[in-house]
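Note that the structure is predicted; figures quoted are calculated from it, not measured.
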Amino acid sequence: MKFGSFELILISDGSFLLDGGTMFGVVPKVLWQKIWQPDDLNRIEIPLNCLLIKTPQANILVDTGIGNKLDNKFREIYCVKQVTDLAHELAKHGVKFEDVDFVVNTHLHFDHCGWNTILSASDTVIPAFPNARYVIQKQEWYDANHPNERTRASYIKENYLPLEGAGLLKLVDGDSEIIPGVRVLNTIGHTKGHQSVLIESGGKKAIYWGDFMPTSAHLRIPYHTSFDLYPMELVELKKKYLRRAIDENWLMIFEHDPNVGFGYLVEEGGKPVLKPVVPEE
């Protein structure tokens, strides 16, 4: 999608399965299954839609999917499907790993930073993007390296620890500009150090929500996942940012939605209505 002087490209790293209830928290199944029909084991398929932002100044990759380092047991548990993956999708768009200038991780859960690192020929875990600075919130970095009983299963240290030793880590504290036109917003809710990416070019604005609002279904204020550690902060920030999204006509980009990648939220009859956008080929 052309966006001012930028180009926005959704990059797939495949999908995986999760229990449907975990994606909708306290919302009863009788309601959420109207939006997302689960399989016989109550699982729903979660797409992994990363975002490539091509600008005249830099190539920026937002989130890196689930990666290719997981062992067979882990892949079987989550039914990871990668008919295509991030590496192939980047190549399809003419981007080599060496061409990426910034990697922005919305947070460090395993399905958002898997391709941060890869295995070398000697089976050593190394950064996948050797010329990139990896932009992560200081709070998220701390929490990932000091997990508790509830959060420990969400983090795989091989996905991010090698970045520090390679000197590629760029920690930011709160809202911060990456390059002119691309900035991160500290959207507390899913984790304390979660960040979304606000993009501005040619008088237009776009937002990549990450897991702050992982799908278009989560535009509903009460809808949030069971993984959200700060649900009340999330609710208040949702109200704030959805108001801005409507008033400022933000293009919204969803990381885990199976049907809607891009869309605008507009008010019709006093109610917010999502208008999906299909990018031109």
N/O donor-acceptor pair under 3.5 Å between [X] side chain and [Y] backbone:
{"X": "Ser176", "Y": "Val184", "result": "no"}
{"X": "Tyr155", "Y": "His146", "result": "no"}
{"X": "Ser196", "Y": "Gly210", "result": "no"}
{"X": "Asp228", "Y": "Pro231", "result": "no"}
{"X": "Asp39", "Y": "Arg43", "result": "yes"}
{"X": "Lys81", "Y": "Pro47", "result": "no"}
{"X": "Asp257", "Y": "Pro214", "result": "no"}
{"X": "Asp13", "Y": "Cys50", "result": "no"}

Query raised in the report: Got a salt bridge between Arg243 and Glu267, using NZ or NE/NH1/NH2 to carboxylate O under 4.0 Å?
Result: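 Looking at Glu267 together with Arg243, the answer is yes, because their closest N to O distance falls below 4.0 Å.
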Query - Lys/Arg-Asp/Glu bridge criterion (N-O < 4.0 Å) met for Glu236, Lys239 - result: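 Judged by the 4.0 Å cut-off on N to carboxylate O distance, Glu236 and Lys239 do form a salt bridge.
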Nearest 0.5 Å, please: how far is [atom2] in [Y] from [atom1] in [X]?
{"X": "His109", "Y": "His194", "atom1": "NE2", "atom2": "NE2", "result": "9.0 Å"}
{"X": "Ile199", "Y": "Ile207", "atom1": "CD1", "atom2": "CD1", "result": "7.5 Å"}
{"X": "Phe254", "Y": "His218", "atom1": "CZ", "atom2": "NE2", "result": "10.5 Å"}
{"X": "Thr215", "Y": "Asn49", "atom1": "OG1", "atom2": "CG", "result": "11.5 Å"}
{"X": "Phe227", "Y": "Thr191", "atom1": "CZ", "atom2": "OG1", "result": "13.5 Å"}
{"X": "Leu185", "Y": "Trp209", "atom1": "CG", "atom2": "CH2", "result": "8.5 Å"}

Report task. Using the side-chain contact (heavy atoms from CB on, under 4.5 Å) rule, take Lys192 and Asp143 through it: C-alpha gap first, then chi angles, then the decisive distance, then the call. Result -> CA-CA 8 Å; Lys192 188 178 289 187; Asp143 290 343; 4.1 Å; yes
Query - Between Asp99 and Asn59: side-chain donor-acceptor atoms closer than 3.5 Å - result: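 The answer is no; no qualifying pair exists.
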Requested in this report: Compute whether any side-chain donor of one residue and acceptor of the other, for Thr151 and Asn148, lie under 3.5 angstrom apart.
Outcome: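 Looking only at side-chain atoms, Asn148 and Thr151 do form a donor-acceptor pair, the distance falling under 3.5 Å.
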Quick one: are [X] and [Y] in side-chain contact, heavy atoms under 4.5 Å?
{"X": "Leu17", "Y": "Ile44", "result": "no"}
{"X": "Leu163", "Y": "Asn116", "result": "yes"}
{"X": "Glu268", "Y": "Lys275", "result": "yes"}
{"X": "Ile53", "Y": "Ile9", "result": "no"}
{"X": "Lys92", "Y": "Leu90", "result": "no"}
{"X": "Tyr134", "Y": "Cys113", "result": "no"}
{"X": "Asp101", "Y": "Ile60", "result": "no"}
{"X": "Leu86", "Y": "Asn68", "result": "no"}

Shared ILVMFWY cluster between [X] and [Y], side chains joined below 4.5 angstrom?
{"X": "Ile221", "Y": "Met252", "answer": "yes"}
{"X": "Phe24", "Y": "Phe16", "answer": "yes"}
{"X": "Ile11", "Y": "Leu48", "answer": "no"}
{"X": "Ile179", "Y": "Val197", "answer": "yes"}
{"X": "Leu10", "Y": "Phe3", "answer": "yes"}

Query raised in the report: Between Thr64 and Val103, does a side-chain contact (heavy atoms from CB on, under 4.5 Å) hold up when you go through it step by step?
Result: CA-CA 8 Å; Thr64 63; Val103 173; 3.7 Å; yes
Query raised in the report: When the aromatic ring centroids of Phe110 and Phe74 are compared, is their separation below 6.0 Å?
Result: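 Centroid separation for Phe110 and Phe74: below 6.0 Å.
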Query raised in the report: Is the ring centre of Tyr160 less than 6.0 Å from the ring centre of Trp141?
Result: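 Yes; Trp141 has its ring centre under 6.0 Å from that of Tyr160.
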Heavy-atom pair with the smallest gap, counting every atom of [X] and [Y]:
{"X": "Ser12", "Y": "Thr84", "answer": "OG-CG2, 4.1 Å"}
{"X": "Ile188", "Y": "Phe212", "answer": "O-CE1, 3.8 Å"}
{"X": "Tyr223", "Y": "Lys238", "answer": "O-NZ, 2.6 Å"}
{"X": "Gln82", "Y": "Trp115", "answer": "NE2-NE1, 4.4 Å"}
{"X": "Trp36", "Y": "His256", "answer": "CH2-O, 3.5 Å"}
{"X": "Leu8", "Y": "Ala206", "answer": "CD1-CB, 4.2 Å"}

Report task. Begin from the C-alpha positions of Lys73 and Glu76 and carry the test salt bridge (charged side-chain N to carboxylate O under 4.0 Å, His left out) through to its verdict. Result -> CA-CA 5 Å; Lys73 181 179 179 180; Glu76 289 173 5; over 6 Å; no
**Report entry** Name of the residue among Gln139, His107, Gln137 meeting side-chain hydrogen bond (donor to acceptor under 3.5 Å, both in side chains) with Gln195
**Finding:**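 Testing each of Gln139, His107, Gln137 against Gln195, the sole residue satisfying side-chain hydrogen bond (donor to acceptor under 3.5 Å, both in side chains) is Gln137.
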Query - side chain to side chain contact (heavy atoms under 4.5 Å, CB included) partner of Met213, chosen from Leu234, Leu237, Thr225, Leu219 - result: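 Only one option passes, and that is Leu219.
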Query raised in the report: Quick one: is the NZ or CZ of Arg244 closer than 6.0 Å to the six-membered ring centre of Tyr241, and within 45° of its axis?
Result: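 Pair Arg244/Tyr241 does not count as cation-pi.
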Query - Criterion side-chain contact (heavy atoms from CB on, under 4.5 Å) on Leu251 and Tyr264, from CA distance to verdict - result: CA-CA 5 Å; Leu251 174 68; Tyr264 289 96; 3.7 Å; yes
Query raised in the report: Step by step, would you call Lys69 with Asn159 a side-chain hydrogen bond (donor to acceptor under 3.5 Å, both in side chains)?
Result: CA-CA 9 Å; Lys69 303 186 303 299; Asn159 286 337; 2.8 Å; yes
Requested in this report: Let me see the working for Leu61 and Leu51 under side-chain contact (heavy atoms from CB on, under 4.5 Å), right down to the final yes or no.
Outcome: CA-CA 6 Å; Leu61 180 62; Leu51 179 67; over 6 Å; no
**Report entry** Test side-chain hydrogen bond (donor to acceptor under 3.5 Å, both in side chains) applied to Asp175 and Asn186, step by step
**Finding:** CA-CA 6 Å; Asp175 299 356; Asn186 184 195; over 6 Å; no
Query raised in the report: Just wondering, more than 12 heavy atoms not from Tyr142 lying within 6.0 Å of its OH?
Result: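 It does not: Tyr142 OH has 12 such atoms or fewer within range.
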Query raised in the report: Is His88 atom NE2 crowded by more than 12 heavy atoms from other residues, nucleotides or ligands, each under 6.0 Å away?
Result: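 No, not enclosed.
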Requested in this report: Evaluate the criterion side-chain hydrogen bond (donor to acceptor under 3.5 Å, both in side chains) for residue pair Lys204 and Asn249; output intermediate values, then yes/no.
Outcome: CA-CA 8 Å; Lys204 303 177 180 180; Asn249 197 36; over 6 Å; no
